[in-house]
Amino acid sequence: MPKVVFISLDGAQRVVDAHVGESVMAAAVRNGIPGIIGECGGNCSCATCHVYVDDDFAAVVGGANDMEDDLLDLGVADRRDASRLSCQIPVTEDLDGLTVHIPAEQ
């Protein structure tokens, strides 16, 4: 089972087991990760699951599609090159150890 590492603003790390095929957001919500709200339930319509993908995984995760890109432009206060909506990152075996940083606010 792939592991996902969530790093909060204060540097605290939480490692959770994620199921292949679920989204990183679903794994976060299922495990009660603070700061990942997922208000729209993973429908790519709210940007409350914004994360910064660690540089080591940026190429594996890939970039945002057009719809996600628009939401990141409109709904994220501190967008970065590695910004993604965690609802749009499906968990795969290749993402074992994926590390994402949670922004200060959603």
Side-chain angles (χ1 to χ4, degrees):
M1 184 172 288
K3 307 257 187 239
V4 178
V5 180
F6 294 90
I7 301 177
S8 63
L9 193 59
D10 66 2
Q13 294 185 16
R14 280 205 43 205
V15 180
V16 303
D17 290 324
H19 303 287
V20 170
E22 79 177 328
S23 69
V24 171
M25 182 223 56
V29 170
R30 183 170 46 77
N31 287 282
I33 300 296
I36 302 292
I37 301 163
E39 196 168 275
C40 73
N43 291 308
C44 194
S45 63
C46 73
T48 62
C49 65
H50 174 222
V51 295
Y52 306 119
V53 176
D54 197 75
D55 290 341
D56 293 342
F57 284 92
V60 178
V61 168
N65 65 30
D66 290 342
M67 188 170 166
E68 179 183 356
D69 195 49
D70 287 346
L71 278 170
L72 287 166
D73 278 343
L74 297 172
V76 174
D78 187 18
R79 183 176 181 172
R80 300 179 186 169
D81 289 341
S83 286
R84 289 294 309 272
L85 297 181
S86 59
C87 70
Q88 298 301 297
I89 304 172
V91 174
T92 64
E93 291 291 346
D94 291 340
L95 292 181
D96 186 31
L98 171 66
T99 302
V100 296
H101 300 261
I102 302 169
E105 59 186 35
Q106 291 290 356

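All residue numbers refer to positions in the sequence shown, counting from 1. Everything numeric here is computed off the predicted structure, so don't read it as measured data.
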**Message:** If hydrophobic clusters are built from ILVMFWY residues whose side chains come within less than 4.5 Å, do Val29 and Leu71 share one?
**Reply:** no
**Request:** Could you go through the side-chain contact (heavy atoms from CB on, under 4.5 Å) check for Ile7 and Thr99 one step at a time?
**Result:** CA-CA 7 Å; Ile7 301 177; Thr99 302; 3.5 Å; yes
**Ser8 (side chain) donor-acceptor with Phe6 (main chain) under 3.5 angstrom** = no
**Complete:** For Arg79, the salt bridge (Lys or Arg N to Asp or Glu O under 4.0 Å) test, sequence neighbours excluded, returns Asp69, Asp73
**Item:** For the student: nearest non-hydrogen atoms of Cys40 and Cys46, plus distance
**Value:** N-SG, 3.4 Å
**Backbone of Glu39 reached by a side-chain donor or acceptor of Thr48 within 3.5 Å** = yes
**Prompt:** Between the main-chain N or O of Leu85 and the side-chain N or O of Gln88, is there a donor-acceptor pair closer than 3.5 Å?
**Reply:** no
**Message:** So Asp78 and Pro103, do their side chains get closer than 4.5 Å, heavy atoms only?
**Reply:** no
**Fill in**
Here the pair of heavy atoms bringing Asp96 nearest to Pro2 is OD1-CA, 3.3 Å
**Over all atoms of both residues, closest heavy-atom pair of Ala104 and Leu9** = CB-CD2, 3.6 Å
**Prompt:** Can you hop from Leu98 to Val51 via hydrophobic side chains spaced under 4.5 Å?
**Reply:** yes
**Item:** Residue pairs, two or more places apart or on separate chains, that pass ring pair (Phe, Tyr, Trp, His ring centres under 6.0 Å) and touch residues 30-53
**Value:** His50-Tyr52
**Message:** Under 4.5 Å between side-chain heavy atoms, counting indirect links through other Ile/Leu/Val/Met/Phe/Trp/Tyr residues: same cluster for Val4 and Val15 or not?
**Reply:** no
**Item:** Path from Leu95 to Val53 over hydrophobic side-chain contacts below 4.5 Å
**Value:** yes
**Met67 backbone acceptor or donor facing Asn65 side chain under 3.5 Å** = yes
**side chain to side chain contact (heavy atoms under 4.5 Å, CB included), paired with Ile33, selected from Val24, Val100, Val16** = Val16
**Prompt:** Of the non-hydrogen atoms in Ser86 and Ser23, which two are nearest, and what is the gap between them?
**Reply:** O-CB, 3.7 Å
**Asked** Does the Arg14 side chain pair with the main chain of Gly32, one donor and one acceptor, at a distance under 3.5 Å?
**Response** yes
**Euclidean distance, Ser45 OG relative to Asp70 CG, rounded to 0.5 Å** = 13.0 Å
**Request:** Any ring pair (Phe, Tyr, Trp, His ring centres under 6.0 Å) involving residues 74-106? Give me the pairs, sequence neighbours left out, ordered by first then second residue.
**Result:** none
**Prompt:** Does some side-chain heavy atom of Val91 sit less than 4.5 Å from a side-chain heavy atom of His19?
**Reply:** no
**Message:** Between Lys3 and Asp17, is the side-chain contact (heavy atoms from CB on, under 4.5 Å) condition met? List the steps.
**Reply:** CA-CA 5 Å; Lys3 307 257 187 239; Asp17 290 324; 2.4 Å; yes
**Item:** For Ile89, the option from Arg84, Met25, Glu68 that meets side chain to side chain contact (heavy atoms under 4.5 Å, CB included)
**Value:** Arg84
